[in-house]
Amino acid sequence: MAHKDEIEITRDELQKEAEALALKVLGISARDAWDRLRRGELEGTLFASKMVRLRALLGENDNHDSPVPVAAE
């Protein structure tokens with residue numbers, strides 16, 4: 001059960017948010033955006049930070065190659 005200040009979000013809603021953000025910013029799918037981030041592109045950007053957080057919330061942190069860079073805060 002969610003705490004009174006928490007908002008429950010579904011996995012589908014998170015995926016839709018990631019898709020919309022990637023399309024708006026780069027004109028590509030979330031999967032393609034995560035591939036670009038994994039290669040080190042867009043490092044240090046707000047976009048990278050948001051996409052990394054969405055991916056973490058989706059539970060898709062794949063640490064097998066190299067970590068996805070997070071924007072400096």
Side-chain angles (χ1 to χ4, degrees):
M1 181 175 198
H3 187 273
K4 71 175 189 167
D5 294 332
E6 293 178 0
I7 298 172
E8 290 190 31
I9 255 181
T10 66
R11 182 175 175 77
D12 189 48
E13 290 170 325
L14 288 170
Q15 185 64 42
K16 285 180 182 176
E17 188 173 335
E19 292 295 339
L21 180 61
L23 186 61
K24 179 181 177 183
V25 174
L26 298 177
I28 60 177
S29 70
R31 180 183 184 100
D32 290 340
W34 281 314
D35 286 343
R36 287 182 66 179
L37 292 169
R38 193 175 300 109
R39 289 191 303 265
E41 297 178 34
L42 308 164
E43 187 172 348
T45 64
L46 183 57
F47 172 77
S49 179
K50 287 182 177 184
M51 289 299 287
V52 168
R53 288 181 180 149
L54 285 169
R55 189 166 181 103
L57 289 170
L58 285 164
E60 296 179 3
N61 289 329
D62 54 5
N63 297 323
H64 53 47
D65 288 7
S66 61
V68 177
V70 178
E73 297 187 46

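All values derive from a computational prediction rather than experimental measurement. Basis for what follows: all heavy atoms, side chains included, without hydrogens, waters or symmetry-related copies.
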Considering residues at least two apart in sequence or located in another chain, which fulfil the side chain to side chain contact (heavy atoms under 4.5 Å, CB included) criterion with K50?
-> L21, L46
Please report the closest heavy-atom contact between E8 and E13, naming both atoms and the distance.
-> O-OE1, 4.4 Å
Shortest non-hydrogen contact between L58 and W34, atoms and distance = CD1-CH2, 3.8 Å
Side chain to side chain contact (heavy atoms under 4.5 Å, CB included) involving L23 - partner list, sequence neighbours excluded | none
Please examine the side chains of L42 and L26, heavy atoms only from C-beta on, and report whether any two atoms are closer than 4.5 Å.
-> yes
Kindly state each residue pair satisfying salt bridge (Lys or Arg N to Asp or Glu O under 4.0 Å) with at least one member in residues 15-30, sequence neighbours excluded.
-> D12-K16
What distance do R55 atom CZ and R38 atom CZ have between them, rounded to the nearest 0.5 Å?
-> 5.0 Å
Any chance you could lay out the side-chain contact (heavy atoms from CB on, under 4.5 Å) test for V25 and M51, step after step, and finish with the verdict?
-> CA-CA 11 Å; V25 174; M51 289 299 287; over 6 Å; no
Grab the two heavy atoms, one from A22 and one from A33, that are nearest each other, plus how far apart they are.
-> CB-CB, 3.9 Å
